[in-house]
Amino acid sequence: MKSRSKRNTRASASDEFLGFTSSVAIDSRLWRHDIAGSLAHAQSLAEADIISKGDMEKIAEGLRRIAADIRSGRFEFDPTFEDLHMNLEHSLTALIGDAGARLHTGRSRNDQVALDMRLYVREGIAELIGETLQLQETLIRRSGDGMDAILPGYTHLQHGQPVLLSHHLLSHFWKLQRDIQRFSDCYKRTNLSPLGSGALAGTAFPIERATAANLLRMRGVTENSLDAVSDRDFVAEAAFAASMLTIHLTSICEELVLWSSQEFRFVRLPKELSGGSSMMPQKLNPDIPELIRGKSGRVLGGLFTILTLLKSLPLAYNRDLQEDKENLFDVFDTVGASLHALTLFLTELEFDKVRMRESAEAGLMTATDLADFLTSRGMPFRAAHGLVKELAVLAEGDECKFRELAKEKLAAHSKKLKISDLDFLTLEKSIGRRTAEGGTAPASVKRQMEKALLSVSENRAMLETMRFEVGAVGELLS
Ligand code: ARG
């Protein structure tokens, strides 16, 4: 199998041509998908009596032998055969003769590679959803530890209003939730078979396109042959969903970097999962969140490369499309590894709740509550806002002074207001008042957490279905 005569397909192809155009070093990663696609295609050819049942069986046996050789590392891909598809077809024909040469009947590499990519993207999406669900579960678990912790809520990175740590952590859960929705939406558009589109105009052989689609557990077939071989919007879409997810990860990571710094000290870094310095012996650094933040660059780069290679392409297949793979592979690999590392990191991270509380006590974060209170006693909100703002300026950030001034002002404003009326100006009371759905009051957060748990179990069920469909590739091969 290893010694194949070079140049037997492209006798005129110069080394320079192949050196520049050969893609097998990259697309060999698609071997399982390509072989499964070929097995499904061979079966649909046989069912339509285009090839004999005997040939179909030889093809299946040959392809499964090749799969076993690739899996065990005995197969050598040859760059002179340009790409994965040609490598496999040549090996098959070398192995089983004429039957192998019949496999490509009614098929082009154009619909073949589009199929491989759809199978790969659908699998990658399922894997990333699985990793995202694990991160979501970790966020829910850590939120459970955070019901008794209050920290500052920020806008402009300035103290705003106090929030529960649980509420804060769950905010990241819902961002990831939308990322999962984007992936599952993209999955539906991806999971269609382009086989039967041929090179561009459709196949002239009377195959039943649904046969291969069903064998691969795809949910249908594409509607237009030109469209099916010419677009990779599902690749771009998956890369976007992965990019949006990465952006969400970078926000979590940025926060962890800040929170672990001496200025915040809201978290203590896990020793086993943190770096040190080659010079400064005392250092513990948040390398994992920093690297996730940094690696987002290549993810966005991949997305932009994919979009750019699609731009202005005339119909139908163009070789530009070959460039989708390296980029998509890197996007999926990077995001998968980032999700995994962050889940581990968040599991091990220690929250310093005392320090969070200390920080939350500063910054007059109950000022809104005072303005709300005055409003509930009949003062127009804008006037109350102005009055409390004056107090805040006078208090110069000093919580005690703020309360004293508030008492004086209140007494001056209304005889009916009692000093004890200010007892509500505590962090707990401020939080406890925000009982509307989606707010930070403990009761609301508990309801939120229940919804989060429910959606995780719904998404786990969805993932099971995806895994069943994705599993068709492995099952066909074995
Ligand atoms: N390696 C090619 C790709 O990834 C496969 C399709 C080649 N088709 C062709 N007509 N040259 O897009």
Side-chain angles (χ1 to χ4, degrees), residues 4 6-38 40-41 63 66 70 75 77-93 103-124 190 192-204 212 222 225-239 302 305-332 473:
R4 275 163 296 185
K6 300 190 174 184
R7 302 272 180 276
N8 63 354
T9 45
R10 298 199 60 104
S12 63
S14 69
D15 286 346
E16 283 78 8
F17 177 82
L18 279 172
F20 189 68
T21 60
S22 175
S23 61
V24 70
I26 307 269
D27 60 26
S28 57
R29 201 203 267 223
L30 297 170
W31 67 268
R32 288 184 303 114
H33 313 85
D34 197 75
I35 291 178
S38 289
H41 179 61
L63 285 174
I66 292 173
I70 299 176
F75 189 91
F77 288 101
D78 183 343
T80 61
F81 288 138
E82 213 175 297
D83 56 21
L84 165 75
H85 325 295
M86 289 316 229
N87 266 269
L88 295 182
E89 197 183 321
H90 273 90
S91 303
L92 182 67
T93 309
L103 169 63
H104 211 54
T105 311
R107 183 176 74 168
S108 153
R109 275 186 296 164
N110 299 349
D111 54 353
Q112 185 178 0
V113 72
L115 173 70
D116 293 1
M117 283 304 278
R118 283 175 181 270
L119 293 173
Y120 186 86
V121 167
R122 123 183 139 163
E123 182 179 289
T190 302
L192 300 172
S193 171
L195 272 187
S197 300
L200 71 150
T203 177
T222 52
S225 60
L226 289 166
D227 172 40
V229 297
S230 65
D231 211 346
R232 297 289 183 269
D233 54 351
F234 62 96
V235 177
E237 215 181 317
T305 307
I306 291 163
L307 286 172
T308 308
L309 72 90
L310 294 176
K311 183 188 170 293
S312 308
L313 286 187
L315 288 176
Y317 176 82
N318 295 277
R319 192 68 183 265
D320 313 43
L321 294 176
Q322 180 169 292
E323 287 292 307
D324 61 350
K325 292 169 200 68
E326 189 168 9
N327 291 286
L328 180 80
F329 296 166
D330 191 49
V331 167
F332 276 7
V473 167

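Order of listing sets the numbers, starting from 1, for every ligand and every atom in it. The figures here come from the full heavy-atom set of this structure, side chains too, leaving out hydrogens, waters and symmetry mates.
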Asker: In plain terms, say whether Glu82 and Arg109 are close enough for a salt bridge, that is, a side-chain N and a carboxylate O under 4.0 Å apart.
Answerer: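 Salt bridge present between Glu82 and Arg109.
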Asker: Test the Arg29-Tyr120 pair against the cation-pi criterion, namely NZ or CZ under 6.0 angstrom from the six-membered ring centroid and within 45° of the ring axis.
Answerer: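 Geometry flag: not set, cation outside 6.0 Å or 45°.
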Asker: Please report which non-hydrogen protein atom sits nearest to atom 11 (N) of ligand 1, along with the residue it belongs to and the distance in Å to one decimal place.
Answerer: Arg109 NH2, 3.6 Å
Asker: What about His85: any of its N or O atoms under 3.5 Å from an N or O on ligand 1?
Answerer: no
Asker: For ligand 1, which is the ligand I care about here, please tell me if Tyr317 has any N or O atom under 3.5 Å from one of the ligand's N or O atoms.
Answerer: yes
Asker: Below 4.5 Å, heavy atoms only, C-beta onward: do Thr305 and Glu323 meet side chain to side chain?
Answerer: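 Not touching, per the 4.5 Å side-chain cut-off.
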Asker: Just let me know how Gln112 lines up against ligand 1, side chain, backbone, both or neither, with a heavy-atom cut-off below 4.0 Å.
Answerer: neither
Asker: Is there a side-chain contact between Ser108 and Asp111 (heavy atoms, below 4.5 Å)?
Answerer: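 The answer is yes, as the side chains (C-beta and beyond) meet within the 4.5 Å cut-off.
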Asker: Atom CG in Leu192, atom OG1 in Thr222: separation rounded to 0.5 Å?
Answerer: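 Atom-to-atom, Leu192:CG and Thr222:OG1 are 7.0 Å apart.
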Asker: Would you kindly specify which portion of Asn110 sits under 4.0 Å from ligand 1, judged on non-hydrogen atoms: side chain, backbone, both or neither?
Answerer: side chain
Asker: Kindly confirm or rule out an N or O of Gln322 lying under 3.5 angstrom from an N or O of ligand 1.
Answerer: yes
Asker: Please identify which of these residues, Arg118, Lys325, His33, meets the side chain to side chain contact (heavy atoms under 4.5 Å, CB included) condition with Val113.
Answerer: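 Result: among Arg118, Lys325, His33, Lys325 is the only option passing the side chain to side chain contact (heavy atoms under 4.5 Å, CB included) with Val113.
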Asker: What protein heavy atom is closest to atom 4 (O) of ligand 1, reported as residue, atom name and distance in Å?
Answerer: Lys325 NZ, 2.5 Å
Asker: Cut-off 3.5 Å, side chains only: do His41 and Gln112 have a donor facing an acceptor?
Answerer: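 No donor-acceptor contact under 3.5 Å links the two side chains.
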Asker: Just which atoms of ligand 1 are under 4.0 Å from any heavy atom in Ser23?
Answerer: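 So the atoms of ligand 1 that pass are 1 (N).
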Asker: For atom 5 (C) of ligand 1, what is the closest protein heavy atom, and at what distance to 0.1 Å?
Answerer: Asp83 OD2, 3.5 Å
